[in-house]
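All residue numbers refer to positions in the sequence shown, counting from 1. One-based numbering, in listed order, for ligands and for the atoms of each.
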Amino acid sequence: MIRGSFSNMAALSPRLVAAVLCLLTGVLTFPLGPDSERSATCGYESCHATKANMLNVHLVPHTHDDVGWLKTVDQYFYGDRNDIQHAGVQYILDSVVDQLLKNPDRRFIYVETAFFYRWWKQQSSSMQQTVKQLVNEGRLEFVNGGWCMSDEATTHYSAVIDQMTMGLRFLNETFGACGRPRVAWHIDPFGHAREHASMFAQMGYDGLFFGRLDYQDRDRRMRSKEQELLWRASDSLTPPMADLFTGILPNGYNPPTGFCWDQSCDDPPIRDDPDLEDYNVDDVVNRFLVIANSQAMVYKTNHIIMTMGSDFQYENANPWYKNLDKLILYVNAKQASGSRVNVLYSTPSCYLQELHRANLSWALKTDDFFPYADAAHDLWTGYFTSRPALKRYERISNSNLQTCNQLEVLGGPASRKGPFGEGDSQTLKKAMAVAQHHDAVSGTEKQHVANDYARRLAHGWQHCQVVVSNSLAALSGSSAERFYCDNLNISVCPLTESSKKFSVGVYNPLARPVSWSVRLPVNGTAYVISDPKGKPVACEVVPMSRATRGLRRSRGFAVNELVFQVQAPPLGYSTYSVSLLQDGPPPAPTHRRTPTAIQNKFLRVTFDPDTGLLSSLSNLETEQSIKLTQNFYWYNASDGNNAESNQPSGAYIFRPNSSTPFIVSEFAKTETVQTSVVQEVRQWFAPWVSQVVRLYADSRALELEWTVGPLPIDDSLGKEVITRLDTSIKSSEFFYTDSNGREMLQRKKDFRPTWNLKQTEPIAGNYYPINSRAFIKDDVDQLTVVTDRSQGGGSIHNGSLEIMLHRRLLYDDVRGVGEPLNESSRIFPEGLVVRGRLLLSLDRPPAAADTHRPLAQEVVLQPLLTFTHGDPSPNTRLEFSGLQAALPPAVHLLTLTQWDPDTVLLRLEHQFQSQESKVNSQPVTVNLQKLFSTLDVLGVSELNLSANQWRDEMTRLAWTPQTDKKTSPPLKTFRGHSSTWEVTLKPMEIRTFLLRVSVR
Ligand SMILES: *[C@@H]1O[C@H](CO)[C@@H](O)[C@H](O)[C@H]1NC(C)=O
Ligand SMILES: [Zn+2]
């Protein structure tokens, strides 16, 4: 029932709409049980009173429930496989609710909606009423509230926004306003991304708390009382839009030493009957006061927070609450005899409210919290690359999900139920949301759990394929069966391998036309291809490479690849017909000699004829040229037997034994394929490293397709494989990486912007997450590398950029996962082989963003190919665009997804930073009513980034930075926008809309 929320823009102002909505929400969320007379006082109003003249200690009972790690998400939920780890989330929620009801003073926070949702579905309606009551009274409070607590280093912003939206939507729809989290709670992720802070701010959070940061940074912040700060998380968005108050928790997320009263802990309970033995109240109280007073020394206000809980705690909540009740009683009883310490049950938002009331100014931070080290030789920079195959699968699954979402909208209801049966996007949405967890895409889970994440994604994609097929049938008017080839990266596609006549549908999820190179496994040697208008398309048949044959094993049998260029309109598809002309002998043989150069109209690449390696890259349009050598190396992973430290390299930690990597080979054996459509130099370095240097005729980027694995370990050495680009660019120790795929951050060797770094790991300490791109530059040249998944990388030498591609390790790194990162699979029992692509572009620095932003988007949201046998039937619509016109180059259509039967969620994003581009870093306006070709937009209302609040209603606490000379920021972050169909986007802005639509 979205009724009042839709302004028919001319008629209703957003303010009025909001007023109507408020009323309705209020009515809906009043509890119906016997206590329903009591008005809802959740949120800040439900906090316990504190004492102004005392040190107030906020005890926050909580549990940290990983959405998969040592066990799968479902095993954790049920408490299955307790032999691996004793943990059962369903029992935690049962027990906590029970204990909260025993004493209205008690508080609990819950974080991971993936688990809460599972539990909620299984409760009786009377239990659901009880829980609503607890939520309405602020006794049970949701914090963070995303489907999971996402990883920050290896996630892409698009998937993070989606998973937050999903969790927060469930909370809003189930609990209304009282279910809306005020605080972001990222207590466990291994380092913190600036883009995450920016997103949290735009989602309306008042503050963020976390537990992990570099130990040197923490020491300094403790000394200077800067453990609480204001994070200005965007260079482009106008403050305070991306400002986020950020608090560092005192003890990770654990209770203080000696005060863990979970059934899994061994600390002494409070023994308070003087008639019994071992009365210990005085001892407990004294120990507590010592800890509280020393903690107060390193924070600014007379309020401190203590996290009373940890991983999967509160399965039996009774011991925790029984002892906390007593702790509060006895510590506060001391006030009568002059103690100045006041203890209370609290939540992160109640604590945050007190910090806000203190009305101080806070240190301002503008960089991020990467990399994270918890000791001198313990850099958590390995997981930036760990499980590279899962990382790629997660990224391509996001692309497939966005396509599925779009087609579900564009095809109308027939997409969900049509000629190919019933499909849904929900299954893949949930699988993607789970995959964002900080032990999922991060690669820090056990092998069987990694398999479970991948299986969920595959299962979700099955459901989405039905949606895609139904939608394309509706849009094209043809119900011919569509086939999907998910293994095209290793040239496997049964249909194209055997068919003499087939058509290829290319769906483009971007809001501008794209041109893309297609490679299909085939067995013929000559084909004719026609585009949707019947015009012939240039194509070439090239022999399948040895590396690809080795990789696909028995999964395919094609001997050749058919290569051609396709175009697809914005949010639309094009259909290409392919017919076999000739079976005959194999195509033009490959040449054994390395050519001196390959080139197209944009780029020229030269090779060293002696080594077979790249030697230079030139941009022919801008007439610039750099020296460029590229090769593969491996670091020998530390096994821990080392004088400085016994820390081995593992799933989390990167610790090379030596700063000098071994070279895989000085030379590459090469083969060359030169055709009018594509030119390739195939390089072979070792049985486990090969690469194709590829230049398509129409591409502004050079493709490096690497194939690495199985990494040999018969020498008992763990290996971490990198590729390194050594150039003539004078990068002066700087390089640049993206934050979650969005804004770029400057990195400097052996340097952190906010403290004096003592560098203890010259390689691992210079590694940063690369989500979608990195670059090095000087005044005239910028070399950008676009990646196809998250990877770790660094610039150790001037002019050099290295990217870690694959890791295979023999020891566990003692951070809990308890397994060495040593991946194999059924098809690769001898060790996993991974293939991926890097796209290189060379530009003049001021214009480089104009190239790498669209390039990166094309990799993140890549066209989806579908295949049908034979010729399309006569009345088939061969080309379609869901948009009336392409969006301007600066605008990215981030989200288009069905929300309710009559509404769709739309996110438009300005994809350039301010000042980044002369042409594109300008505000740009889009008309929402004239957007779609198949949908009439009847109404629109704007939401916050996570779509759980009307934008006009969103208010946030205002915080004053120490260094800001300006007067205090306005109370509201967002103002209502003028009521019009025209929306303007400023650099890096994302705007979220709910559209009421009808299918034309
Ligand atoms: C929140 O949920 C309520 C129902 O509980 C719904 O009426 C309202 O529209 C939702 N708010 C938003 C912003 O979606
Ligand atoms: Zn965790």
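When the N, O or S atoms of D188 are ranked by distance to the Zn ion (ligand 2), OD2 comes first. Within D66, OD1 is the N, O or S atom that lies nearest to the Zn ion (ligand 2).
Any N or O atom pair closer than 3.5 Å counts here, and N172 shares at least one such pair with ligand 1.
Counting heavy atoms under 4.0 Å from ligand 1, residue Q949 touches it through the backbone alone.
Close approach to L943 involves these atoms of ligand 1, each under 4.0 Å from a residue heavy atom: 13 (C). Within the listing of ligand 1, atoms 13 (C) sit less than 4.0 angstrom from a heavy atom of N948.
Cation-pi geometry between R169 and W899 is met: the NZ or CZ atom falls under 6.0 Å from the ring centre, inside 45° of the normal.
In the displayed structure, Y78 atom OH is contacted under 6.0 Å by at most 12 heavy atoms of other residues, nucleotides or ligands.
Between R991 and E909 there is no salt bridge, since none of the side-chain N atoms of the basic residue sits less than 4.0 Å from a carboxylate O of the acidic one. By the 4.0 Å N-to-carboxylate-O rule, K429 lies too far from D162 to be salt-bridged with it. Taking 4.0 Å as the cut-off between side-chain N and carboxylate O, R218 and D214 do not count as a salt-bridged pair.
Between H438 atom NE2 and H64 atom NE2, the angle centred on the Zn ion (ligand 2) amounts to 110° (nearest 10°).
Taking all atoms of both residues into account, the shortest heavy-atom contact from Q447 to R387 is OE1-NH1, 2.8 Å.
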